[in-house]
Undergrad: 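Here it is, the structure in full.
So that the names make sense, note that chain A is the first sequence line, chain B the second, and so on, each numbered from 1.
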Number of protein chains: 2
Amino acid sequence: MTKTAASENNLKEINKKDRILDAAEELFAQHGYDGVTIRQIAKAAEVDVALANYHFGKKLDLFHAVFDRRAQLLSDTRRQLLLSEQDAPQTLEQIIEAFLLPLKMAQQTGDAGWRNYLALLAYVMTSPVWNKIMMDKVFDKRVHEFIEALKNVLPNANEEKLHWCYHYMSGALALTLAQTGRIDRLSMGKCESTDFDTAYKLMVPFLAEGFRKVCG
Amino acid sequence: MTKTAASENNLKEINKKDRILDAAEELFAQHGYDGVTIRQIAKAAEVDVALANYHFGKKLDLFHAVFDRRAQLLSDTRRQLLLSEQDAPQTLEQIIEAFLLPLKMAQQTGDAGWRNYLALLAYVMTSPVWNKIMMDKVFDKRVHEFIEALKNVLPNANEEKLHWCYHYMSGALALTLAQTGRIDRLSMGKCESTDFDTAYKLMVPFLAEGFRKVCG
DNA sequence: CACTATATTCAACAAGTGTTGAATTTGCAA
DNA sequence: TTGCAAATTCAACACTTGTTGAATATAGTG
């Protein structure tokens with residue numbers, strides 16, 4: 001039962017500490033690290049400015065705290081999903097599905113907090129600076145496991161093509177997580193950025209065929 | 001004969017005004033709008049702080065000036081590329097190639113200025129805030145033209161699937177333009193973020209097959 | 001040369017930044 | 001209750017931010 005920090009629903013019984021995390025999550029996701037001030041976060045969380053510092057230290061530490069909070073859970077769930085079907089012969093589609101888990105996750109929980117976090121993840125994925133600092137520490141192991149899994153179902157693929165295809169997949173995923181609203185505008189409302197359900201369903205076959213063509 | 005502003009080659013005869021644009025382009029692309037101060041830009045351009053304001057007005061105006069400088073040229077070239085082959089029956093691959101032109105462009109010129117601009121474009125594409133403000137004004141027409149062109153070669157596709165597939169393509173493109181360096185680290189040097197040549201060559205068949213699968 | 005418009009520098013402003021230390025309140029155990 | 005540690009507020013600091021107006025330099029024209 002989390003809550004969007006910047007919204008004014010009446011579930012204010014939760015921790016001020018958590019309110020700060022929620023508010024920071026939403027604001028960082030929308031405006032980036034430098035686009036948000038601690039005072040804005042404090043205001044959105046309805047909390048004193050100094051409290052963020054008391055709980056999380058410096059601004060950069062708060063950013064890391066926000067990112068790490070759900071990163072580990074995401075990474076762990078991904079591994080579970082992969083290992084649970086390890087004995088069964090996996091199809092290319094199943095492997096990709098496991099990697100697109102974040103979409104499924106946000107879609108199932110329907111939680112605004114998770115939606116915000118995924119936008120933050122997209123921000124980190126696409127930023128040259130933050131990508132280098134934040135992505136490697138948690139997600140690298142899972143990515144290598146997935147590349148290995150892909151090798152099994154695409155035995156003729158060479159390493160370079162495999163990595164480029166993974167890169168394309170990662171890009172399609174990142175832009176989806178970002179929820180920029182552009183697809184809404186371009187399609188004149190026929191598609192919605194937040195419709196992770198459809199995004200997930202169409203993305204799997206789209207990517208699978210691409211992999212087969214280039215790495216088959 | 002442009003020049004990277006933050007680098008120290010000896011081609012300093014060019015305009016201070018242009019030096020500001022070049023420096024801003026590089027810094028905005030790397031750290032985002034809020035991550036860069038006018039003083040940093042001025043320092044990189046070896047120019048007084050007030051000069052940026054004199055030439056371009058407010059910081060936001062400078063940002064727009066940087067973005068617009070190459071946007072129109074990019075959009076125009078795209079249309080040329082599409083119309084030049086209008087009479088000949090186009091294949092799906094040709095249409096996608098036209099859309100991935102930015103890659104080809106930077107790859108052919110080998111210009112650092114263009115590489116910086118493409119990273120800036122990726123920043124705007126993936127940011128919820130900037131996307132809404134900046135993308136529509138220049139690129140929308142071209143996108144609609146491309147969607148129409150796709151309908152011709154994929155007559156059975158419905159509008160919604162078409163837009164989602166375009167969205168995946170856009171994501172793969174954006175992450176490539178961003179040059180985050182992640183593919184370099186994940187592949188342990190086997191791939192390079194700045195290798196637009198390979199990125200382009202593999203991306204076309206990858207995307208084309210995805211389109212065929214979902215919209216065929 | 002003088003004249004003028006443009007380009008560039010200098011110094012400074014008001015507002016906002018992250019951060020801190022001391023004071024105050026709160027929650028909880030004894 | 002009292003005592004104590006954690007949580008929270010208050011006020012302020014040193015510094016940086018974007019922006020501006022006046023002063024100076026530069027370049028081109030008559």
Undergrad: Between B:Asp195 and B:Lys201, is the closest basic N to carboxylate O distance under 4.0 Å?
TA: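 Result for this pair is no, no salt bridge flagged.
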Undergrad: Should B:Arg69 and B:Asp22 count as an ion pair when the cut-off is N to O under 4.0 Å?
TA: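 Salt bridge between B:Arg69 and B:Asp22, a charged N being under 4.0 Å from a carboxylate O: yes.
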Undergrad: Let's see if you can work this out: which of C:dT19, C:dA7, C:dT9 has an atom nearest to the side-chain heavy atoms of A:Ile38?
TA: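 In terms of side-chain proximity for A:Ile38, the closest of C:dT19, C:dA7, C:dT9 is C:dT19.
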Undergrad: Without decimals, in angstroms, what is the distance between A:Ile41 CD1 and C:dT17 P?
TA: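 After rounding, the reported distance stands at 11 Å.
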Undergrad: Between B:Glu159 and B:Lys151, is there a side-chain N and carboxylate O pair less than 4.0 Å apart?
TA: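 Salt bridge: yes.
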Undergrad: Are any of the side-chain nitrogens in B:Asp68 or B:Lys137 under 4.0 Å away from the carboxylate oxygens of its partner?
TA: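 Salt bridge: yes.
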Undergrad: Give one of base, sugar-phosphate or nothing for A:Lys16, where a contact means two heavy atoms less than 4.0 Å apart.
TA: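 Touches sugar-phosphate only.
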Undergrad: Once you round it to whole Å, what is the distance between P of C:dG18 and CG of A:Asp48?
TA: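 It is 14 Å, rounded to the nearest whole Å.
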Undergrad: Using a heavy-atom cut-off of 4.0 Å across all strands, would you classify B:Lys58 as base, sugar-phosphate, or nothing?
TA: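 If one applies the 4.0 Å heavy-atom cut-off, B:Lys58 turns out to touch the sugar-phosphate alone, with no base involved.
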Undergrad: May I ask you to say whether A:Glu97 pairs ionically with A:Lys104, meaning some side-chain N is under 4.0 Å from a carboxylate O?
TA: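 Looking at A:Lys104 together with A:Glu97, the answer is no, because their closest N to O distance does not fall below 4.0 Å.
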Undergrad: When the distance from CD1 of B:Ile20 to C1' of C:dT8 is rounded to whole Å, what number comes out?
TA: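 Taking atom C1' of C:dT8 as the reference, CD1 of B:Ile20 is at 10 Å.
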Undergrad: Is there a donor and acceptor pair, one atom on the side chain of A:Arg39 and one on the base of C:dG18, closer than 3.5 Å?
TA: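 Answer is yes: a donor-acceptor pair is held.
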Undergrad: With heavy atoms of chain A within less than 4.0 Å as the criterion, where does contact along DNA chain D begin and end?
TA: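 In short, chain A contacts DNA chain D from D:dA6 to D:dA12.
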Undergrad: May I ask you to decide whether A:Glu46 forms a salt bridge with A:Lys16, counting only side-chain N to carboxylate O separations under 4.0 Å?
TA: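 Judged by the 4.0 Å cut-off on N to carboxylate O distance, A:Glu46 and A:Lys16 do not form a salt bridge.
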Undergrad: Rounded to whole angstrom units, what separation is found between the CG atom of A:Asn53 and the C1' atom of C:dT19?
TA: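 My rounded result for the distance is 6 Å.
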Undergrad: So, is B:Tyr54 near the phosphate of C:dT8, with a side-chain N or O under 4.0 Å from OP1 or OP2?
TA: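 For C:dT8, neither OP1 nor OP2 has a side-chain N or O of B:Tyr54 closer than 4.0 Å.
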